[in-house]
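Scroll down for the structure; my scribbles are underneath it.
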Amino acid sequence: MAATVLDGREMSREIENGLKVRVANLLDLGVTPCLAVVIVGDDPASHVYVRAKERACARLGIRSVRIDVPSDVEFEEVVRTVRKLNSDPDVNGILVQSPLPEGMDEIKITDLIDPKKDVDGFHAQNLGRLVQGDTSGLLPCTPAGVMHMLESADVDLTGKRAVVIGRSRIVGMPQSILLSQKGVDATVTIAHSRTADMATLCREADVIIAAVGISNMVTRDWVKPGSIVIDVGVNRVNDDSEKGYHLTGDVHPEVGEVAGALSPVPGGVGPMTIAMLMSNTVRATEMQQ
Ligand code: GUN
């Protein structure tokens with residue numbers, strides 16, 4: 001039987017509808033939420049993501065400010081840009097798009113952002129709270145989006161075996177914490193490039209979260225029939241099309257023939273990540289009042 005499709009577009013529309021009400025309440029108080037996005041350099045994928053974030057802001061009545069910085073900029077200039085946004089009372093959320101140019105320290109930049117405006121949830125203070133079991137603050141957007149997706153699909157994770165493939169600061173690590181937190185209670189394994197026999201690990205899993213950035217890595221024979229598979233990957237694969245590339249996930253589409261549920265790429269985790277960014281921006285604005 002074919003897997004249930006976990007439609008991130010539909011789920012994110014519902015989240016956005018809830019956010020519109022909260023934005024209207026803020027507007028009544030004379031406050032327009034504002035998200036500032038800093039983009040350094042000309043990574044084409046980053047520009048696509050940032051445009052999608054701007055469109056989401058426009059849909060919700062959130063003001064968006066975009067600061068384009070050339071790739072050869074001095075580190076100190078990025079520092080000054082972030083500090084200026086920190087002290088601007090009209091800016092409620094700050095995001096520095098990743099990846100930064102080679103050699104620019106992302107963690108240093110992230111930790112300069114005022115934690116109250118850290119809508120990516122990557123600041124040490126916000127990640128630290130998460131490790132302490134406090135999920136009431138600004139959570140990293142992609143992992144939070146995945147959790148919403150599992151909730152919307154009514155997946156009970158208690159005692160279930162979850163494998164997170166990838167140990168990144170942005171997705172894999174915070175994802176593993178959210179899945180294992182009290183009240184969610186999955187038993188989590190983090191798999192990575194040094195993991196032995198990943199296929200066997202995955203075959204034992206009830207839930208697989210693939211966040212590794214390798215096109216179609218998770219194949220049908222890695223997946224136990226009926227398990228839930230969430231595909232976080234967005235991989236550009238060059239082809240002869242007009243665009244010159246197409247997008248693939250980390251999960252081979254044939255997994256849909258065995259999984260109980262599967263999130264598509266595109267239209268799965270991507271829209272949920274943006275919805276969570278909008279949610280963090282609204283929440284940050286509310287907390288700042
Ligand atoms: N690049 C890819 N995903 C993200 C994200 O969630 N936040 C930021 N800042 N950069 C990204």
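Just so you know, ligand 1 is whichever comes first in the structure, and atom 1 is the first atom listed for that ligand. Residues: numbered from 1 along the sequence shown.
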For Leu95, take its heavy atoms, then give the atoms of ligand 1 lying under 4.0 Å from any of them.
9 (N)
Run the salt bridge (Lys or Arg N to Asp or Glu O under 4.0 Å) test on Arg51 and Glu54 for me, step by step, so that the C-alpha distance in whole Å, both residues' side-chain angles and the decisive distance to 0.1 Å come before the verdict.
CA-CA 5 Å; Arg51 275 197 295 275; Glu54 288 171 333; over 6 Å; no
Nearest protein heavy-atom contact for atom 3 (N) of ligand 1: which residue, which atom, what distance?
Gln97 NE2, 4.5 Å
Just wondering, do Leu178 and Val184 contact through their side chains at under 4.5 Å, heavy atoms?
no
Heteroatom distance test (Val96, ligand 1): nitrogen or oxygen, under 3.5 angstrom:
yes
List the closest protein heavy-atom neighbour of atom 9 (N) of ligand 1: residue, atom name, distance to the nearest 0.1 Å.
Asp120 OD2, 2.5 Å
Under 6.0 Å from the CD atom of Gln289, do we count more than 12 heavy atoms belonging to anything else shown?
yes
Shortest non-hydrogen separation from His246 to Asp239 and the atoms involved:
ND1-OD2, 2.8 Å
Protein heavy atoms: any of them under 4.0 Å from atom 7 (N) of ligand 1?
yes
Start with the C-alpha distance between Val223 and Val229, add both sets of side-chain angles, then the distance that settles side-chain contact (heavy atoms from CB on, under 4.5 Å), and finish with yes or no.
CA-CA 8 Å; Val223 176; Val229 182; 4.0 Å; yes
Atom 10 (N) of ligand 1: the protein heavy-atom neighbour that sits closest, reported with distance to 0.1 Å:
Ser98 N, 2.9 Å
